[in-house]
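Notes for the one structure printed next.
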Amino acid sequence: MSNKKYNHKSIESKWQKKWEEDKLYKTCENKKKPKYYILDMFPYPSGAGLHVGHPKGYIATDIFARMKMMQGYNVLHPMGWDAFGLPAENFALKNKIHPRISTDKNIATFKSQLGKLGFSYDWEREINTTDPEFYKWTQWIFLQMFKKGLAYESHEPIIWCPSCKTGLAQEDLENGKCERCDSEVERKPMRQWVLRITDYAERMLNDLDKLPEWESSIKEMQKGWIGRSEGAIVKFPISNFQFPINFQNSNDKNLKSKNYFKFRSNSIEKIYSGQKWVTFRIEPKDVKKGDIVTIIDWADGDKKNQKEKGKAIITKVDKKRLKDLPLNYFGHEKYTTYEKMKSEFGKYYDEEIKNDSIVHIYEFAVENFEQKIFTTRPDTLFGATYFVMAPEHPLVKKITTQEQKSEVEKYIKFAGGKSELERTELAKEKTGVFTGSYAVNPVNGEEIPIWIADYVMMGYGTGAIMAVPAHDERDFEFAKKYNLPIRQVVQKINDKQTTIKNNPEVFTGEGININSDFSDEILSNTKTPEIGAFDGSEDCCPRREIQICQPVNSITDNKKDVKRNNDVEPTEGLEPSNHRLTNLDLHHAAGTSTPNLLYQENKDITKSLNGLKTKQAKEKIIEWLEKNGVGKKAINYKLKDWVFSRQRYWGEPIPIIHCEKCGAVGVPEKDLPVKLPEVEQYAPSGTGESPLATIPEWVNTTCPKCGGSGKRETNTMPQWAGSSWYYLRYIDPKNDKVLVDKKKEEYWSPVDFYVGGAEHATRHLIYARFWHKFLYDIGVVNYEEPFKKLRHVGLIMAEDGRKMSKRWGNVINPDDIVEKYGADAMRVYEMFMGPFSQSCAWSTSGLVGTRKFLEKIWGVKLKVKSKKLESNNLNMLHKTIKKVGDDIKEFKLNTAVSAMMILVNALEKEKEISQEVYEKLLLILSPFAPHITEELWGELSNKESIFKQKWPEYNPKLIKDEKIQLVVQINGKLRDTIEVDADISENDAKKVVLESEKIKKWTEGKKIIKIIFVKGKLVNVVVK
RNA sequence: GCGGAUGUGGUGAAAUUGGUAUACACGCUUGCCUUAGGAGCAAGUGCCGCAAGGCGUGAGAGUUCGAAUCUCUCCAUCCGCACCA
């Protein structure tokens, strides 16, 4: 046996060449062997090349794959390139090189770097997402989705990155900025292709439970990303329309009014087109041409002094005018007695009205609006005291009243000027303005003011909310700031006495009773808290006035039935509310128009909810909402449909042809792939058009349906398209008939083990699961979930603890490490650094340690004396075999390495070691350090590759210890260890222990209370 | 704020059906060998103490014969989400 020095350079290149020549890693379908498909997330071949962190996952899967191979599995372990995407394109733009060229160059670099590490990839299955033979099938999948209606065109505003000049999906944001370039993003309405991923939201969520071998952290991330919440959608009619109105002396008995309306003093002063108008609010569906309405003023807040102020006749509806006018403008004719009114206009104007005997005719138009809201707490509907829409909500323009117009516009501008970042993270202080309009709460007919505020997001739910400040912290904050009323309707059942923690400045009481169990809250109205305290939980608000389910009267012909929402009789079964009017109430509570149907129902619903726990109350109220056609049970997802268009060059062309006659038509499958054309100018235009739009000879084509002229879709797919299904193509990479052969797919699917970065938890892994489920639905694949087991790889940081980056100049290139210390040392070191999924800083001296370990193995070769040798290392060897096998399986690669180090340290101390022990050591080390072990294996005059050998099995008899160190404790503290037979009986052990001199010292003069014996481990003597 | 994870020597970290805390490696100290190297070998290395012994796994409490491990409260760090209604 040679005693030459360990020269990693010659060994590694020699074996890499040989393995390739021998096609050692060629994978074929072999029905006789069990299959194992182990996959790395394929890299994006960036111009910077690999740093030492990138291969960590590949090393681990390689170790796993090699062990599986040696254990008799047919292993599929492929590699490829995710090569479409913005960086390549940006690099190309900057350096004036076509992305095709730079991409190919980068791939070559990556491949050579990976090659030096000695991976067992079957390169005959290499794939590349930019290869037309590959993206043909990416386009094919898109077409199938298009056929099924899962790909659609939309014109909704989407996220736009002004720097990358392309639209983005919500997943492409990081902290509200473009994930690629860190730019502030904008919202931009544009035509785009969108994939209906939300159709799969429920399944993707539920099927997470079918993935026990996924890390829970990633499953949790996906759950959060899908963001399912259960609740209700509730319709709120928008009641507030303004129109100028004329009053008639109420003494005129000839006029019989149909409706009563409340009139608010602070609604009077309106300036519009330089003229002053009287406005008031009305439920539009309740009036029509010819109606006479009675005006009652109660706005001074004194409900006992309500007076009928006059009557108005509605004579004409002119919808034409709506076209040119703001929709909230309903009146036109000047109030003729304006001059008269003006002088005395103000808070009280009784005289003015009384003296005005002229009946004025006004035209007006009404339009019915309603806004749906989503809530998870329909049980708090009665606590809604105002309504909020997102500033960019399309309805805002229509409902804003004239007098609020400038304020609202100002605010929209203010809110729109904020970046996404400011709006979410930085803007802690809530802001908003009143629109002047009101929404009607369907459960009690109460009118609540509609505000706009940017704490309500257009992108979630319906972009509008009912605000329940007593039970929602954000609403509470807002209500406090703008003095909006707060009304508690739900209360916790008393259980534990706890002091309220929030708002100590407001909370003055003795402490309230909070039961931390959410399910125990009930609907109640028994408390009388003060305005201004939010409970901090969503359920409890102490010391505030309560009004629950205030029933509001229907409109009837009978005047005595007209009631306001602050002088109602309490509904049966409810405590009378102790309503104290505040200035706020005056401001907002006015003008209740009253949906007819609700009164009786209200009574019932109020009664039936009282005392219920939240869960049941929610169910009840939803039932009621559904019965009355004002709402329904609903599930809302945070997940948005996948914005699938990119206005960039370097991506898969979307295979659609636009025809004036036929609309968007899919490219026939026989014409796939739609190849990305060669183009002179591939810079993004920034106008929302892809650079492909500048190639008329490519764009102009014929419609496959009618044969007329058509234009190609010029948007390309996002980077995540190819990676959403690439793992299937490895199974059958050269097939030009189908995406993947059914039989082969049946054999290899699913991916048994998938390893990659945690950063893909909510993008690639969501998209791939979505596509896979779709492919399952159309019968292309056999399993509903693509990846059976998933582990994420921890980052390797630079030695300074920062991320490796050109910017910091701390990047370590694997080529240099391989050159200096060898691929094997690097492989072993990266596994030895720490737990696989944990991030860890690189340490070159640590690497030197593993290099020394390999040198020790190289060194002990000289001690190998004979084929068979009685060895006292057999016990340790078999223990190590067991541990290494178990640890690789568990991906505890760091402790597998340390176990082998312990064995080698022990062997080093021996004078001679048997070849059997040494060979088995090489076998279990070979997945970690393939080159050196293959070399040493050969030196032991083995002809066949070490990787064609069987994985060694441990002998259970040999791992049993004959003697153990029996631990002796006194009262749980270690006092002695005694060597005894491993299978010592309880009685013998006790006897030995009590005879020990050391132990006698501790037990002397004390009473032995009991002796605990743990077989094969310890004896604990309890003394007193 | 919500969700998840983590917290052990000078450093990376072992140890989890509760049973000798700090395996393995780095670093450091001393010595040897060569001699000026980031090489090799040997010994040592949690803290206090001469010792006996005591203390020690983020902090505090609890359960237990016995807790790094289980329970509760709190603190810190990291990751993800974030005004999600």
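Every value quoted in this text rests on a predicted model; they were computed, and no experiment measured them. Naming convention: chains lettered A, B, ... in sequence-line order (proteins, then strands); numbering from 1 in each chain.
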Q | Min side-chain heavy-atom separation A/D475-A/Y455 under 4.5 Å | A | yes

Quiz item: Do A/L966 and A/V993 have side chains that get closer than 4.5 Å, going by heavy atoms?
Solution: yes

Handout entry: Sugar-phosphate only, base, or nothing, as touched by A/K219 at under 4.0 Å among non-hydrogen atoms
Key = nothing

Practice task
Just call it for A/R975: base, sugar-phosphate, or nothing, with non-hydrogen atoms closer than 4.0 Å on any strand.
Solution key: sugar-phosphate

Out of [options], which nucleotide sits closest to the side chain of [X]?
{"X": "A/T895", "options": "B/A14, B/C24, B/U20", "result": "B/A14"}
{"X": "A/C840", "options": "B/G66, B/A13, B/G38", "result": "B/A13"}
{"X": "A/Y460", "options": "B/G38, B/C55, B/A85", "result": "B/A85"}
{"X": "A/W1002", "options": "B/C26, B/G54, B/A25", "result": "B/G54"}

Report the base-pairing partner of [N] (Watson-Crick or G-U wobble, both distances below 3.5 angstrom), or none.
{"N": "B/A36", "value": "none"}
{"N": "B/A42", "value": "B/U30"}
{"N": "B/C81", "value": "B/G1"}
{"N": "B/C50", "value": "none"}
{"N": "B/U20", "value": "none"}
{"N": "B/A61", "value": "B/U71"}
{"N": "B/A76", "value": "B/U6"}
{"N": "B/A14", "value": "none"}

When the [atom1] atoms of [M] and [N] are compared, how many Å lie between them, rounded to an integer?
{"N": "B/U22", "M": "B/A15", "atom1": "C1'", "answer": "9 Å"}
{"N": "B/C70", "M": "B/C55", "atom1": "P", "answer": "24 Å"}
{"N": "B/G7", "M": "B/A13", "atom1": "P", "answer": "10 Å"}
{"N": "B/U69", "M": "B/C83", "atom1": "C1'", "answer": "40 Å"}
{"N": "B/U64", "M": "B/G1", "atom1": "P", "answer": "35 Å"}
{"N": "B/A39", "M": "B/U34", "atom1": "C1'", "answer": "10 Å"}
{"N": "B/C33", "M": "B/A23", "atom1": "C1'", "answer": "30 Å"}
{"N": "B/C79", "M": "B/C41", "atom1": "C1'", "answer": "45 Å"}

Using only heavy-atom distances, determine whether the side chains of [X] and [Y] contain a donor-acceptor pair under 3.5 Å.
{"X": "A/N810", "Y": "A/K803", "answer": "no"}
{"X": "A/E171", "Y": "A/W225", "answer": "yes"}
{"X": "A/Q371", "Y": "A/H393", "answer": "yes"}

Nearest-nucleotide check on RNA chain B, A/F374 vs A/K820; residue mapping nearer the 5' end is A/K820

* To do: Would you please indicate yes or no on a ring centroid separation below 6.0 angstrom for A/Y411 and A/F414?
  => yes

### Query
Going by modelled atom types, is there a donor-acceptor pair between the base of B/C83 and the side chain of A/K430 at under 3.5 Å?
yes

At less than 3.5 Å, do the side-chain atoms of A/Q969 and the base atoms of B/G19 form a donor-acceptor pair? yes

Here the distance between atom C1' of B/A85 and atom NZ of A/K618, to the nearest Å, is 12 Å

Assigned chi class of B/G9 under the 90° convention is syn

